[in-house]
Amino acid sequence: MPRAGLCSCWGGRVLPLLLAYVCYLLLGATVFQLLEKQAEAQSRDQFQFEKLRFLENYTCLDQRALEQFVQVIMEAWVKGVNPKGNSTNPSNWDFGSSFFFAGTVVTTIGYGNLAPSTEAGQVFCVFYALVGIPLNVVFLNHLGAGLHGHLATLERWEEQPRRSQLLQILGLALFLTLGTLVILIFPPMVFSHVEGWSFGEGFYFAFITLSTIGFGDYVVGTDPSKHYISVYRSLAALWILLGLAWLALILPLGPLLLHRCSQLWLLSRGLSLKDRGAPEMDGLPRPQKIPISA
């Protein structure tokens, strides 16, 4: 019997979800291939053309010497050294940059543009992440729980007067709007101005960062031609922590806001029918309360 129950659960729930998951991955792979493959081929051809033109202009070099030099550049890039500029470029391991790197480790963002190259640094990074990642999760959960405590009155929302309900809906919508501006709109504008990106690129960086995807194609404070203030990357790390905490808070508030708005609409519709002399909809089930989870 337990085996039959397991097969029923697999066929009724797990299998459709697995199929939907695989189909979603296949859809993403197809779209990304259509959008990016041609651009990659153009970039590859352009790079090969530039190498050939470089060899034509500097006949003292041969193909092998050029490939060795390109290999040196790639190794430097992997180790976090920007090939552009000279030896006066700011260090990737000053305190501000190190603080930023520590934040990307405990938040599991991991841009991939910078990593410890010494064996001692790699070993320390492993144990630092083992402790820091759970600590980060606990911190975000407690911060979200603390903020939810200030919104606990929403659990008794149906027991409050209509005007109070409407004010709470407006206050919650205002909170979400201001949070979006402070976390997802204003910082990309700052990053765009400082880094020379477009707003779309800044917004893309903000979302990829706060979603902890962290591709590493856009990272703040890495352009050697720009002079950043010393606390720039530290402030970016603090923005990441606040942004993650804000996202942990609003994820359950979005469905809650939609539920409250639907309740208000149903109540206002029932009130209007009652005012017109229509029978009250006492037979309809009342919407269930959605408790706020930490």
Side-chain angles (χ1 to χ4, degrees), residues 28 32 35-36 39-40 43 71-85 89-137 139-140 182-248:
F32 284 129
L35 294 176
E36 301 295 334
E40 180 201 27
S43 298
Q71 182 65 28
V72 171
I73 294 177
M74 292 181 63
E75 290 177 356
W77 179 261
V78 169
K79 293 181 180 180
V81 178
N82 196 317
K84 296 192 297 183
N89 292 345
S91 172
N92 287 319
W93 294 105
D94 56 16
F95 182 79
S97 298
S98 299
F99 183 82
F100 182 78
F101 174 76
T104 63
V105 170
V106 299
T107 56
T108 69
I109 294 174
Y111 287 114
N113 69 312
L114 184 63
S117 59
T118 64
E119 184 176 354
Q122 292 169 352
V123 172
F124 174 75
C125 185
V126 171
F127 289 98
Y128 182 78
L130 286 175
V131 177
I133 293 174
L135 179 62
N136 179 70
V137 172
F139 166 73
L140 293 179
V182 172
I183 300 299
L184 288 178
I185 302 300
F186 181 69
M189 295 174 63
V190 175
F191 296 141
S192 301
H193 175 73
V194 175
E195 302 291 342
W197 302 336
S198 66
F199 177 77
E201 291 172 325
F203 185 81
Y204 165 81
F205 162 76
F207 177 79
I208 293 299
T209 295
L210 296 182
S211 61
T212 70
I213 297 174
F215 289 125
D217 49 351
Y218 289 88
V219 183
V220 295
T222 58
D223 191 342
S225 63
K226 298 183 181 299
H227 298 283
Y228 303 101
I229 60 176
S230 58
V231 296
Y232 176 62
R233 302 196 82 184
S234 298
L235 292 175
L238 293 176
W239 163 74
I240 291 174
L241 293 176
L242 292 177
L244 291 175
W246 179 76
L247 286 177

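Listed by chain and number, the residues in a ring pair (Phe, Tyr, Trp, His ring centres under 6.0 Å) with F124 are Y128 (sequence neighbours excluded). With sequence neighbours left out, L130 forms a side-chain contact (heavy atoms from CB on, under 4.5 Å) with V126, F127. Annotation: side-chain contact (heavy atoms from CB on, under 4.5 Å) contacts of F95 (sequence neighbours excluded): none. Evaluation of the side-chain hydrogen bond (donor to acceptor under 3.5 Å, both in side chains) rule for Q71 yields E75 as partners, not counting sequence neighbours. Here S97 pairs with D94, R233 under the side-chain hydrogen bond (donor to acceptor under 3.5 Å, both in side chains) rule; sequence neighbours left out. For I133, the side-chain contact (heavy atoms from CB on, under 4.5 Å) criterion is met by T108, A129, not counting sequence neighbours. Under the rule for a ring pair (Phe, Tyr, Trp, His ring centres under 6.0 Å), the partners of Y204 that lie at least two apart in sequence or sit in another chain are Y218. Residues satisfying the side-chain contact (heavy atoms from CB on, under 4.5 Å) test with I109, not counting sequence neighbours, are T104, T107, Y111, T209, T212, I240. Among residues two or more places apart in sequence or in another chain, the salt bridge (Lys or Arg N to Asp or Glu O under 4.0 Å) test is passed with E40 by R44. Taking the ring pair (Phe, Tyr, Trp, His ring centres under 6.0 Å) definition, one finds that F205 meets it with F191, W197, sequence neighbours left out.
Side-chain contact between F100 and V219 is present, with at least one heavy-atom pair separated by less than 4.5 Å. Side-chain contact between V131 and V106 is absent, with no heavy-atom pair separated by less than 4.5 Å. Two residues are said to be in side-chain contact when any heavy atoms from C-beta on lie closer than 4.5 Å; V194 and K226 fail this criterion.
Residue M189 holds its CE atom at 9.0 Å from CD1 of I185, rounded to the nearest 0.5 Å.
Counting non-hydrogen atoms of other residues, nucleotides and ligands closer than 6.0 Å to CZ of F186 gives a total of 12 or fewer.
Under the 3.5 Å distance criterion, the side-chain polar atoms of E201 are left unmatched by any main-chain donor or acceptor of S192.
Counting all heavy atoms, side chain and backbone alike, P116 lies closest to G121 at CB-C, 3.7 Å. Between Y228 and T222 the shortest heavy-atom distance is OH-N, 3.7 Å. Shortest non-hydrogen contact noted between I183 and G243 is CG2-CA, 3.8 Å. The shortest heavy-atom contact between G221 and Y232 is N-CE2, 3.7 Å. In terms of heavy atoms, W246 sits closest to L184 at CZ3-CD1, 4.1 Å. Shortest non-hydrogen contact noted between W239 and P187 is NE1-CG, 3.3 Å.
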